[in-house]
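Reviewing the structure listed below.
Heavy atoms only: backbone and side chains are in, while hydrogens, waters and symmetry mates are out. Keep in mind the model is a prediction, meaning the values are calculated, not measured.
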Amino acid sequence: MTPSSTSALTTHTKTDWRRTHTCGELRKPEVGSRVTLNGWVHARRDHGGVYFVDLRDRYGITQVVLGPELSDAVKLGPEFTISVSGRVVAREPHNVNPNRPTGEIDVVADRLEILSRSNTPPFPIDADEEVSFETRLKYRYMDLRRPAMQKNFIHRSRFIHAMRRAFERQNFVEVETPILTKATPEGARDFLVPSRVHPGEFYALPQSPQLFKQILMVAGMDRYYQVARCFRDEDLRADRQLEFTQLDMEMSFVEEDDIFRTWEQVLHETFRDAMGLDVAIPFPRMSWKEAMERFGVDKPDLRYGLELVDLADWARTCEFAVFKDTIARGERVMGIRVPAQHPLTRKEIDGLEEQAKSTGAKGLAWWKPTAEGGSGPLSKFTTGAAGLALRARLGAQDGDTVLCVAGKQSLVWRVLGDLRVALGKKFDLAKGEWRFTWVTSFPMFEFDETEKRWFSAHHPFTAPVDWSMGGEAPDLSTLVSRAYDLVLNGWELGSGSVRIHRSDVQQKVFSILGIGPEEQKQKFGFLLEALSFGAPPHAGFAIGLDRLCAMSLGMDNIRDIVAFPKTASAACLMTDAPSPVAPEQLAEVHIRSVVPPSIQQPS
RNA sequence: GGGGACGUAGCUCAAUUGGUUAGAGUACCGGCCUGUCACGCCGGUGGUUGCGGGUUCGAGUCCCGUCGUCCUCGCCA
């Protein structure tokens with residue numbers, strides 16, 4: 001196996017170069033053994049007569065000692081790939097390196113072979129200093145050599161393996177679904193793949209395996225899961241890539257509770273097996289309505305209080321015309337009590353008001369209660385009984401700060417929800433424990449003001465709580481769906497729903513979304529037909545694995561847990577994808593570019 | 001698509017108000033050194049200041065455009 005092309009570089013070409021141990025495993029018990037190590041030259045220290053090499057592989061770093069006969073014969077550079085053989089020796093006590101697991105031994109080499117040379121690395125592999133993402137992504141194979149990065153991907157592998165094991169224990173079956181599939185009208189922008197065989201027709205990459213997993217339920221698979229790659233052609237973010245991985249699952253003959261218990265068990269076992277963590281189960285559950293009323297958002301961070309308080313009763317009878325009129329119009333007045341232990345200066349409150357206005361509020365009414373009545377814009381209206389009533393409503397004490405917003409319900413929720421998050425961040429409350437929660441009973445539909453039509457809040461295959469969907473002329477804004485999210489510390493980890501297993505209900509939902517009978521047949525005919533062949537009641541869920549793995553390592557950017565991520569402009573700096581293709585290649589798939597040649601070659 | 005920040009040596013950064021030959025650390029190359037592990041010491045190479053244009057006696061610095069990276073809003077059923 002010794003490559004003859006490198007034999008000129010070697011000292012003992014007849015010897016087998018393959019390793020007997022990794023660079024992370026030699027300890028005192030191996031002292032005296034003859035070993036061969038393979039790895040990368042991590043660092044060199046030349047002391048004239050004695051030459052030290054830190055040899056690195058995935059498992060660790062072992063110090064190799066070369067005498068002058070070897071170090072003079074073979075010239076090493078950083079990141080050369082080498083094979084060394086020699087004897088394991090114990091270090092003198094004063095030479096032990098306590099910072100390394102292998103620090104009690106050396107390998108004294110009598111054979112050294114260069115398996116592969118390296119150009120000067122674009123950046124040091126043992127860097128303490130941050131290297132720009134641009135450079136790291138261009139030389140991703142060098143970046144991935146860094147022990148910290150290898151740790152991330154080993155963790156990811158262990159984590160997903162533990163999750164797969166947990167599903168297998170519960171009798172789930174992993175089934176692969178197509179990557180080349182059918183474009184869907186709703187949802188994110190599709191990636192399209194032109195068909196060579198069918199001129200003018202296109203496949204789409206799946207945004208998720210949604211319809212296939214439902215079809216698998218119709219097929220009687222009963223319990224399906226998959227580590228599934230999903231594709232959405234939307235703009236990228238720190239926590240969003242064009243292609244991402246979901247742990248996708250679906251179950252038959254179940255309701256919400258079964259999904260929740262299954263996932264609680266899976267996550268408990270995953271964190272236990274992959275990380276030795278004891279995640280408390282079951283997770284608390286709250287309705288979407290409760291989440292919005294208490295936290296102003298549908299992904300509440302439960303690690304701190306600062307909950308929203310409804311002030312309608314107080315505002316209805318107060319002397320502050322703005323609040324009174326707001327309630328009279330049927331809108332909302334709500335507040336947050338910031339306890340005295342987190343005092344806010346006038347300047348800080350002004351900053352919060354500015355933030356509130358930037359997210360749509362007309363103003364931020366505040367009050368600092370004191371025995372004399374207090375200060376702030378609201379203090380005029382809080383004298384005597386009115387002040388006592390407001391205190392009672394909020395549980396407010398002297399020294400607290402009360403922040404109030406009035407307006408339409410959606411605006412009040414959004415503004416106070418944002419303020420709450422900002423305050424949590426400001427007072428450094430968003431830290432520590434892992435607080436999972438299920439959020440259930442989302443609205444079925446949302447009205448889009450721009451397009452003037454109804455959209456599914458989750459997706460069009462989500463079952464309504466009321467199968468009759470409110471009868472003949474339903475108020476769509478009040479219909480409740482059986483969709484649910486899993487939320488962790490203010491992040492949406494995943495979502496799912498009980499599905500529609502009745503063809504008639506599915507058709508009704510499509511109609512509400514403005515998808516007529518003809519389009520239904522063309523786009524979703526296979527689903528409607530499948531639902532007409534004895535579809536079992538079923539429900540499912542999917543969780544974003546990139547985010548979950550990042551989060552489990554305390555990272556807020558998924559690029560360090562994705563091996564080959566794309567930049568914010570959706571480019572791969574290593575391969576230079578996307579890139580132009582030859583005209584012949586386009587012709588073969590019946591495509592002609594309408595982009596002027598002048599802007600086709602940016603680089 | 002909008003807003004913001006940034007772009008100087010292989011890497012990480014500096015360069016006063018627009019003013020001499022654009023510097024430092026590190027890496028790399030050469031030399032010395034037998035116990036280092038961020039080795040040390042001596043010497044050296046290395047620059048289209050992202051790119052294009054403009055203002056100016058003079059531009060890394062100011063202006064316009066463009067490309068790229070990051071953050072963010074829109075978007076992400």
Side-chain angles (χ1 to χ4, degrees), chain A residues 42-56 61-68 71 75 77-79 89 91-100 102-104 106 108 118-139 142-143 184-190 206-208 210-211 230-242 244 358-359 442 444-446 448 450 454-462 481 483 492 495-497 509-510 513 515 542 544 556-557 559 565-571 573 576 598-599 601-603:
Chain A
H42 189 68
R44 304 153 294 157
R45 289 174 294 280
D46 183 356
H47 285 257
V50 62
Y51 190 103
F52 300 99
V53 176
D54 287 342
L55 194 62
R56 185 198 72 240
I61 293 177
T62 296
Q63 177 166 276
V64 176
V65 183
L66 307 180
S71 63
K75 196 170 144 31
E79 297 306 310
V89 301
R91 295 196 193 181
E92 298 293 324
H94 62 277
N95 283 334
V96 165
N97 183 347
N99 300 319
R100 275 187 196 153
T102 60
E104 289 190 293
D106 285 325
V108 178
S118 172
N119 292 337
T120 301
F123 50 86
I125 302 305
D126 58 346
D128 290 330
E129 59 191 8
E130 291 268 314
V131 178
S132 71
F133 251 120
E134 207 169 347
T135 309
R136 289 174 56 200
L137 291 184
K138 181 170 182 191
Y139 300 98
M142 301 303 281
D143 191 36
T184 50
E186 298 274 305
R189 198 175 291 115
D190 284 318
Q207 297 176 26
S208 80
Q210 182 60 35
L211 294 178
C230 306
F231 306 86
R232 295 178 190 174
D233 189 4
E234 299 291 348
D235 286 351
L236 292 86
R237 285 283 195 289
D239 62 350
R240 236 162 57 192
Q241 286 275 308
L242 298 178
F244 60 98
S358 75
T359 52
F442 279 74
M444 187 83 180
F445 300 106
E446 285 166 359
D448 185 286
T450 330
W454 291 92
F455 279 85
S456 292
H458 182 52
H459 61 48
F461 320 108
T462 302
S481 82
E492 181 200 317
S495 60
S497 60
V509 169
F510 283 148
L513 297 175
I515 304 173
D556 55 9
N557 192 312
R559 289 195 186 94
K566 296 188 174 45
T567 66
S569 67
L573 297 182
D576 198 28
S598 56
I599 65 168
Q601 297 276 1
S603 52

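Of the nucleotides present, B:G68 is the one that pairs with B:C6 by Watson-Crick or G-U wobble criteria, both distances under 3.5 Å. The base-pairing partner of B:G40, taking Watson-Crick or G-U wobble contacts with both distances under 3.5 Å, is B:C32. Remark: B:U56 base-pairs with no nucleotide in the shown strands. Criterion, Watson-Crick or G-U wobble with two distances under 3.5 Å. Nucleotide B:G23 forms a pair with B:C13, judged by Watson-Crick or G-U wobble geometry with both contacts under 3.5 Å. Using N1 to N3 plus N6-O4 or O6-N4 for Watson-Crick, or N1-O2 and O6-N3 for G-U wobble, each under 3.5 Å, B:G47 pairs with nothing.
The CG atom of A:Asp126 lies 8.5 Å from the CZ atom of A:Arg56; values are rounded to the nearest 0.5 Å. Taken to the nearest 0.5 Å, the CG atom of A:Leu573 stands 9.5 Å off from the OG1 atom of A:Thr135.
When the P atom of B:U69 is taken as reference, atom NZ of A:Lys566 falls 13 Å away, rounded to whole Å. Spacing between atom CG of A:Asp448 and atom C1' of B:C75 amounts to 12 Å, rounded to whole angstrom units. Rounded to whole angstrom, the span from the CD atom of A:Glu134 across to the P atom of B:U69 amounts to 6 Å. Here B:C76 presents its C1' atom at 13 Å from CZ of A:Phe455, a figure rounded to the nearest Å. In this structure, A:Leu236 atom CG and B:G68 atom P are separated by 14 Å, rounded to whole Å. The separation between A:Asp239 atom CG and B:U72 atom C1' is 12 Å, rounded to whole Å. One atom, OH of A:Tyr139, and another, C1' of B:A27, lie 14 Å apart when rounded to the nearest Å. Protein atom CZ of A:Arg136 is 11 Å distant from nucleotide atom P of B:C70, rounded to whole Å.
Not a single donor-acceptor pair under 3.5 Å links the side chain of A:Glu79 to the backbone N or O of A:Pro121. Although no hydrogens or angles enter the test, the distance criterion places no donor-acceptor pair under 3.5 Å between the side chain of A:Thr62 and the main chain of A:Leu55. Formation of a donor-acceptor pair under 3.5 Å by the A:Gln241 side chain with backbone atoms of A:Arg559 is not found in this model.
Heavy atoms of A:Asn557 sit under 4.0 angstrom from primed sugar atoms or phosphate atoms, though from no base atom. Among the atoms of the strands shown, none is found under 4.0 Å from any heavy atom of A:Ala43. Using a 4.0 Å heavy-atom criterion, one finds that A:Leu573 contacts the sugar-phosphate atoms exclusively. A:Gln207 comes within 4.0 angstrom of no nucleic acid atom, judged by non-hydrogen atoms across all strands. Looking at heavy-atom distances under 4.0 Å, A:Pro122 makes contact with sugar-phosphate atoms alone, never a base.
Contact between the side-chain N/O atoms of A:Ser569 and the OP1/OP2 oxygens of B:U69 is found at a separation under 4.0 Å.
Taking atom P on both B:A24 and B:A14, the two are 16 Å apart, rounded to the nearest angstrom. Atom name C1', nucleotides B:U26 and B:C39: the rounded distance is 15 Å, in whole Å. Look at the P atom in both B:U8 and B:U21: the space between them is 23 Å, to the nearest Å. Between B:A22 and B:G46, the distance separating the two C1' atoms is 14 Å to the nearest Å. The gap from the C1' atom of B:G52 to that of B:A59 amounts to 15 Å, rounded to the nearest Å. If you take atom P in B:C76 and the same atom in B:C67, they sit 26 Å apart, rounded to whole Å. The separation of B:C13 from B:C29, taken at their P atoms, amounts to 24 Å, rounded to a whole angstrom. Going from the P atom of B:G58 to that of B:U20 covers 15 Å, rounded to whole Å.
Toward the 5' end of RNA chain B, the nearer of the two residues A:Ser132 and A:Thr184, judged by each one's closest nucleotide, is A:Ser132. With the nearest nucleotide of RNA chain B identified for both A:Ala188 and A:Thr567, A:Thr567 has the one nearer the 5' end.
Within a 6.0 Å radius of CG in A:Asp448, more than 12 heavy atoms belonging to other residues, nucleotides or ligands are found.
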Worked verdict on A:Asp235 versus A:Arg240 for salt bridge (Lys or Arg N to Asp or Glu O under 4.0 Å): CA-CA 8 Å; A:Asp235 286 351; A:Arg240 236 162 57 192; over 6 Å; no
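Closest to the side chain of A:Arg237, out of B:C70, B:G74, B:C11, is B:G74.
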Just by protein heavy atoms under 4.0 Å, how would nucleotides 28-38 of chain B read 5' to 3' in B, S and -? S-S--BBBBB-
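Partners of A:Glu104 according to the side chain to side chain contact (heavy atoms under 4.5 Å, CB included) rule, which considers only residues two or more places apart in sequence or in another chain, are A:Lys28, A:Val96.
The only member of A:Val65, A:Ile61, A:Val64, A:Asp46 that meets side-chain contact (heavy atoms from CB on, under 4.5 Å) when paired with A:Val53 is A:Val64.
With hydrogens and angles ignored, no donor-acceptor pair under 3.5 angstrom links the side chain of A:Arg232 to the base of B:C76.
Side chains of A:Ser497 and A:His459 form a contact here, defined as non-hydrogen atoms less than 4.5 Å apart.
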